[in-house]
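In what follows, a structure is listed as structure tokens, so that the remarks can point back to it.
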There are 2 protein chains.
Amino acid sequence: MKNTPKKVNADLQRERDQCTFNTQELTHLIDGGEEKTQERKKREEVVLNEGIHLEEVPSEYLSHKEKYELAVKKACKLFKLIRRLQEEENTGMENYREVLGGYLGSAILNDGSPLTLHYVMFIPTLMGQATVEQQAYWIGRAFTCSIIGTYAQTELGHGTFIRGLETTATYDPNTKEFVLNSPTLTSYKWWPGGLAHTANYSVVVAQLYTKGKCHGIHPFIVQLRDEETHMPLPGVKVGEIGAKLGMNGTNNGFLGFENVRIPREHMLMKNSKVLEDGTYVNSPSSKLTYGTMMFVRVVLVNDMCNYMAKAVTIATRYSAVRRQSQPKPNEPEPQILDYLTQQHKLFIGIASVHAFRSSATWLWEMYNNVTAELDAGELDRLPELHALSCCLKAVSTADAAECVERCRLACGGHGYMLSSNLPLTYGLVTAACTYEGENTVLLLQTARFLVKAHQQAAGGHSLTPTVSYIAAVGAGRRSPPWENTIEGILTGFQRVAAGKIALCVANIEKRQKNGLPYEDAWNMTSVQLTSASEAHCRAILLQTYYKETEKVSARASPALRPVLLQLVDLYIVYWALQRVGDLLRYTSISERDIEQLQTWYEDLLQKIRPNAVGLVDAFDIRDEILHSTLGAYDGRVYERLMEEALKSPLNAEPVNQSFHQHLKPFMQGKL
Amino acid sequence: MKNTPKKVNADLQRERDQCTFNTQELTHLIDGGEEKTQERKKREEVVLNEGIHLEEVPSEYLSHKEKYELAVKKACKLFKLIRRLQEEENTGMENYREVLGGYLGSAILNDGSPLTLHYVMFIPTLMGQATVEQQAYWIGRAFTCSIIGTYAQTELGHGTFIRGLETTATYDPNTKEFVLNSPTLTSYKWWPGGLAHTANYSVVVAQLYTKGKCHGIHPFIVQLRDEETHMPLPGVKVGEIGAKLGMNGTNNGFLGFENVRIPREHMLMKNSKVLEDGTYVNSPSSKLTYGTMMFVRVVLVNDMCNYMAKAVTIATRYSAVRRQSQPKPNEPEPQILDYLTQQHKLFIGIASVHAFRSSATWLWEMYNNVTAELDAGELDRLPELHALSCCLKAVSTADAAECVERCRLACGGHGYMLSSNLPLTYGLVTAACTYEGENTVLLLQTARFLVKAHQQAAGGHSLTPTVSYIAAVGAGRRSPPWENTIEGILTGFQRVAAGKIALCVANIEKRQKNGLPYEDAWNMTSVQLTSASEAHCRAILLQTYYKETEKVSARASPALRPVLLQLVDLYIVYWALQRVGDLLRYTSISERDIEQLQTWYEDLLQKIRPNAVGLVDAFDIRDEILHSTLGAYDGRVYERLMEEALKSPLNAEPVNQSFHQHLKPFMQGKL
């Protein structure tokens, strides 16, 4: 019997028929050209054809232990495939990112993977921080997965504040070894993925002691388990940290040391060194290590786009299929996508994907420029890039979490089902609000840069491009007349950010005058500082999206162009309305302007409505990757919900054993 | 060996030593008097002494099926205990609410229970909608749990919009039976708790057909499973709907009928009837059925207070124990509770518990008054109560979800651990945003009432108390001078709500004039309508909390009184700052006023800081109920995290089998 595709839901088909633009054109545009789309599709085909993502029993029904065992099985198969592809295509390391990044990784390793940190942190750290000799020794083995590593930095007692780490590595010149110890309970490593039962090696970040002096944190490579038996080595206390909100396939572990000795050569010495006699030789520039951290944050912004795209695809298609209520008697129940409140929840999500994608691209270019300058010894733009990557990471993860959760809630009760894939997606996204720098801490780091920029501007110094608006706005204190246009809003957001930064500086100074030390004045102002930092980020996001769309839409067909412009307008007007209080405080916007913006926003929702399904179709996420009963391309929502329910092991028997064991005795009063 | 209590964390002890008020006094005040506190504590002692909440393996490590089996076991033990207490204390049905409600229920049935709907919906529906004869037949059996029931209303295709339900019950006068059918896939019942494998009876809501005519939805009692064997009866398709974001102990089920026949007497006929010959006799008042729904919503508001209290207790104690960063060189790392940004995240949560508790109490009194009037045949205040219960349910569940999630994120990575109990709490709270009426739908129901009230005011009619401000504000269009005080803000929030309602009405009318039918004009304005509805709710929340605190604080000791007032001030100033855009639009607040409010808010955070731990201690939630590694009374956060981690079944073996099966072959290139 031939496997004929099931019929597409009629409502969904109608949506596609009425779409005013060619969705393929938009897909190519998102991918960066038709060729890139073809490459991506081919890669997806190759990887998904392996069937690694297929599960006999959906993983949500497994026990915690079984989930780990499944994750190991899948990860081994996937990384074996990547190894094969690398050999076939001779592409080296970039390949794994192509397969794991984008949509694909999350399709197969949807609950995290115990091998991810081997590729994402262990190998890159070796490449970035090991000497040439060390690389010669380690990288080959890591590359072929003869050893599996992870990256152990965070401890039970310290996360974002890495100077506070407590693990010690004390050099013993007699044996030319480092002795690793975990002096306190809080010094135990805690969180590294794959650390619990998977990795047999780890990069360990520890406070380096030599000749009785502490030289701060440095990376060491430490063997944790026997390569043959996988048993933990003597003095190595290793295990898993327990169940979490999500990512239960990652095998997050704890790690403690009791006088574990490693050879001197296991300190990664590209930057700093300890000589045989114990002499410490400092790094030429400790700023170089910022590179990896920033790289990860840039990648994160892109990941957030993918998650949002998934969530909004699921919720939009479901909203086209779901019909509910009867506002007009004698008319059929409308698709819930026809309700303006639903459009309000979803369309900003669609626009946000494009907005953050623009910023990710732009940040990526800036990252490449700055690292090229770094290689040439120029560090000038590093603080700016650092400040940007901090606030963009914070705002993109926070916005993505809100977007995914709003999409889930917009699907009503069915969004609460794990088979919708929205809860699992939320679990992955919300984790990013905390890891790679906790969001509030990151916003305050950006704020520190902004306050400095404000002071430089006040002192007449010139500013780097992304903050030059602070000087421009500062020069003309009086609010110019408000222009109720996109350009007007963009300028308005710059005024808001500049105004907030100025107010923070004034408040800090006032508090200092009242006798507070600077640190306390800063702390008392920190709620306002995070808000100023976010305002700065918003101004940049809006500006970048707008400029990027101007460029991109010039190349688009006459059918697609207005749609792209509607989305960017929607995004900017939405945020203007969200921040109307700020605009009223820092610009001369009037009540009349606001009411016009509201109408403009409502009209935009209506204009986008007929293309909503086309817009999410253009994200071109395969069903295997969406992995959702509510979001599949054919819209067979209810059929899929029932099919998935029937896979529950509880449904394999009409009567569960607990009836005989507990329920019946209880009902008969015999318990 | 005697079980000596472990030492309390020194930081936490210091917090308690510096608390300026007697936490017991506040506990009594929250409980409603010292006697009530004693009662509650005794009840907690009795129930927890049974040890039902103790788990050999923490439930987060179990498979989906094992979770259900554990939930049945626990629920049977708990309800056996309740039955025993009812007999001992001769208290009847109220008792189960005392045990299940408040904090206790969630401690034992922390992932939901398959028997809850038996008590919360099945028995109450029998009591509310069965005739005296029917009650005589059913209630005894239900009460002793000889039969276990549930309440099947929601279907795969329809939730909040109950008129759209598709299940049919067709009367057959020949056999004097109803024939139940599920004509479509979407007509399958979907979601009812306990329905899957636990209940053997259910109230089923179905479209009643008799003499060829549909009379809308009515409740029927239907046997689903054999009382002896528990096998599903012929024609009954029943099973579970699958894994969910939370509440995986509830055994949510699906249910379809294929010509299932039930006796005529199984229709619950207190209100409407079908006579033997098939004649339909209408209910005297269909509004009566609103009662149960409103009752549940009132109870929900109270539940939300309990969840918020748990979350904020966990996060506040953790923040007193956790130390991080080093803003001042040579000084120790501060407790994270000292950071203003952390206070900003937590203290509003503490205040929100009190605010919603005030509103819950007030709504409860109103509910009792109105139902008393109902019994006397007066229906006048029903719409007002309905409108209030709708928006308070929506706002309290949304605020609680945000509060719990903010608390979780405020605990950094450790909040992501299930052992923190914050993720599970979020799962329970966010579900409430959807069940018992989806929040956006509920806000629009309130909006409908508000628009009507506005029109009545414009027509010179008098308004019911909670909306009388609409007329008062409407009368004086010009904004009076802004008073930057609590009272000024309260009036300001009324102006905002009235202003938003008026603007909505104007926009609807404008759209009608432009040719849109009323329903479409309503839809186009619905984003603004939900906002107006929320503004109305905020005005009432602030007002009620303020008035309630005035009363309560008059009775408080001189030490406690200022603390209560600080909390209410914090709550009101916080919301003023959150809604500064609205205040700028609808009142004459100035930039200077706003800056003063911001400073006032920051000062309040600092004033509350020394009492933060005392304030959450006063919620008096036992460790067994908090069930959190981060929130226990003694503050042994890190010790507990490690103890819990070691309970993971993965940690029972040093090497997991997947190493031999998958990982080693992969590493050796043999896979």
Any side-chain heavy atom of Phe254(B) sitting closer than 4.5 Å to one from Asn651(A)?
yes

Counting N and O atoms only, with roles assigned by atom type, does the side chain of Lys664(A) sit under 3.5 Å from a partner on the main chain of Thr229(B), one being a donor and the other an acceptor?
no

To the nearest 0.5 Å, atom CE of Met524(A) lies from atom CG of Leu605(B) at 7.5 Å

Are the side chains of Lys77(A) and Phe666(B) in touch, meaning some heavy atoms are under 4.5 Å apart?
no

Contact part of Ser658(A) toward chain B, heavy-atom cut-off under 4.5 Å: side chain, backbone, both or neither?
both

Side chain, backbone, both or neither of Leu115(A) within contact of chain B (heavy atoms, under 4.5 Å):
side chain

Residue Arg141(B) versus chain A: region with a heavy atom under 4.5 Å
neither

Heavy atoms only, distances under 4.5 angstrom: which of Ser146(B), Gly581(B), Gly157(B) has the most pairs with chain A? Name it, please.
Gly157(B)

Greatest number of non-hydrogen atom pairs under 4.5 angstrom with chain B, of Gln668(A), Gln342(A), Glu653(A), falls to Glu653(A)

Contact part of Thr154(A) toward chain B, heavy-atom cut-off under 4.5 Å: side chain, backbone, both or neither?
neither

Between the side chains of Gln528(B) and Glu602(A), does any donor sit under 3.5 Å from an acceptor?
yes

Of the backbone (N, CA, C, O) and the side chain (C-beta and beyond), which part of Tyr188(B) lies under 4.5 Å from a heavy atom of chain A, both, or neither?
side chain

If only atom types and distance count, is the side chain of Asn523(B) paired as donor or acceptor with the main-chain N or O of Tyr339(A) below 3.5 Å?
no

Tell me whether Tyr416(A) contacts the main-chain N or O of Gly427(B) through its side chain, where contact means a donor paired with an acceptor under 3.5 Å.
yes

Side chain of His158(B), backbone of Gln324(A): donor and acceptor closer than 3.5 Å?
no

If you define the side chain from C-beta out and look only at heavy atoms, does anything of Leu641(B) sit under 4.5 Å from Trp190(A)?
yes

Heavy-atom cut-off 4.5 Å, strictly under: side chain, backbone, both or neither for Leu646(B) against chain A?
side chain

Could you go through the side chain to side chain contact (heavy atoms under 4.5 Å, CB included) check for Val655(B) and Arg225(A) one step at a time?
CA-CA 10 Å; Val655(B) 178; Arg225(A) 290 172 178 271; 4.1 Å; yes

Atom pair CG (Leu663(B)) and CG (Asn200(A)), whose distance is rounded to the nearest 0.5 Å
7.5 Å

Answer yes or no: is there a side-chain heavy-atom contact under 4.5 Å between Thr440(A) and Lys345(B)?
yes

Separation between CE (Met642(B)) and CG (Leu185(A)), nearest 0.5 Å, reads 5.5 Å

May I ask you to name which of Lys647(A), Arg511(A), Lys67(A) has the most heavy-atom pairs under 4.5 Å with chain B?
Arg511(A)

Separation of Lys65(B) NZ from Tyr61(A) OH (nearest 0.5 Å):
13.0 Å

Proximal component of Cys76(A), with respect to chain B [non-hydrogen, under 4.5 Å]:
both

Could you look at Pro654(A) and say if it's the side chain, the backbone, both or neither that has a heavy atom under 4.5 Å from chain B?
both

May I ask you to decide whether Glu60(A) forms a salt bridge with Lys244(B), counting only side-chain N to carboxylate O separations under 4.0 Å?
no

Between Arg163(B) and Ser325(A), is any side-chain donor less than 3.5 angstrom from a side-chain acceptor?
no

Report which part of Gln343(A) has an atom under 4.5 Å of a heavy atom belonging to chain B: side chain, backbone, both, or neither.
neither

Per-residue tally against chain B (heavy atom, under 4.5 Å) across Glu595(A), Gln661(A), His660(A) peaks at Glu595(A)

Non-hydrogen atoms of chain A under 4.5 Å away: do they reach the side chain of Arg83(B), the backbone, both or neither?
side chain

Does some side-chain heavy atom of Glu405(B) sit less than 4.5 Å from a side-chain heavy atom of Thr430(A)?
yes

Do you know which of Ala431(B), Pro665(B), Pro517(B) has the most heavy-atom pairs under 4.5 Å to chain A?
Ala431(B)

With a 4.5 Å cut-off on side-chain heavy atoms, are His662(B) and Lys74(A) touching?
no

Hey, could you give me the CG/OG1 distance between Asn439(B) and Thr341(A), rounded to the nearest 0.5 Å?
12.0 Å

Check the orientation of Trp191(A) and His414(B). Use parallel for under 30°, tilted for 30 to 60°, and perpendicular for over 60°.
parallel

Can you find a pair of side-chain heavy atoms, one from Leu245(A) and one from Arg408(B), that are under 4.5 Å apart?
yes

Ser648(B) side chain to Glu240(A) side chain, donor-acceptor N/O pair below 3.5 angstrom:
yes

Heavy-atom distance under 4.5 Å to chain A: side chain of Tyr426(B), backbone, both or neither?
side chain

Please state whether the side chain, the backbone, both or neither of Thr186(A) comes within less than 4.5 Å of a heavy atom of chain B.
side chain

Go through the atoms of Leu503(A) and report whether side chain, backbone, both or neither lie under 4.5 Å from a heavy atom of chain B.
side chain

Do the side chains of Glu591(A) and Arg585(B) get close enough for a salt bridge, i.e. N-O under 4.0 angstrom?
yes

If you count heavy-atom pairs under 4.5 Å with chain A, which of Gly669(B), Pro232(B), Ala410(B), Gly246(B) comes out on top?
Gly246(B)

Using a cut-off of under 4.5 Å for heavy-atom pairs, which of Glu644(B), Gln326(B), Glu438(B) has the most such pairs with chain A?
Gln326(B)

Atom NZ of residue position Lys328(A) - does it have more than 12 heavy atoms of other residues, nucleotides or ligands inside 6.0 Å?
yes

Look up atom CG in Leu650(A) and atom CG in Asn251(B), then write down how far apart they are to the nearest 0.5 Å.
6.5 Å

Check whether any side-chain heavy atom of Ser63(B) lies under 4.5 Å from a side-chain heavy atom of Leu62(A), and answer yes or no.
no

Heavy atoms only, distances under 4.5 angstrom: which of Asp520(B), Asn507(B), Val238(B) has the most pairs with chain A? Name it, please.
Asp520(B)

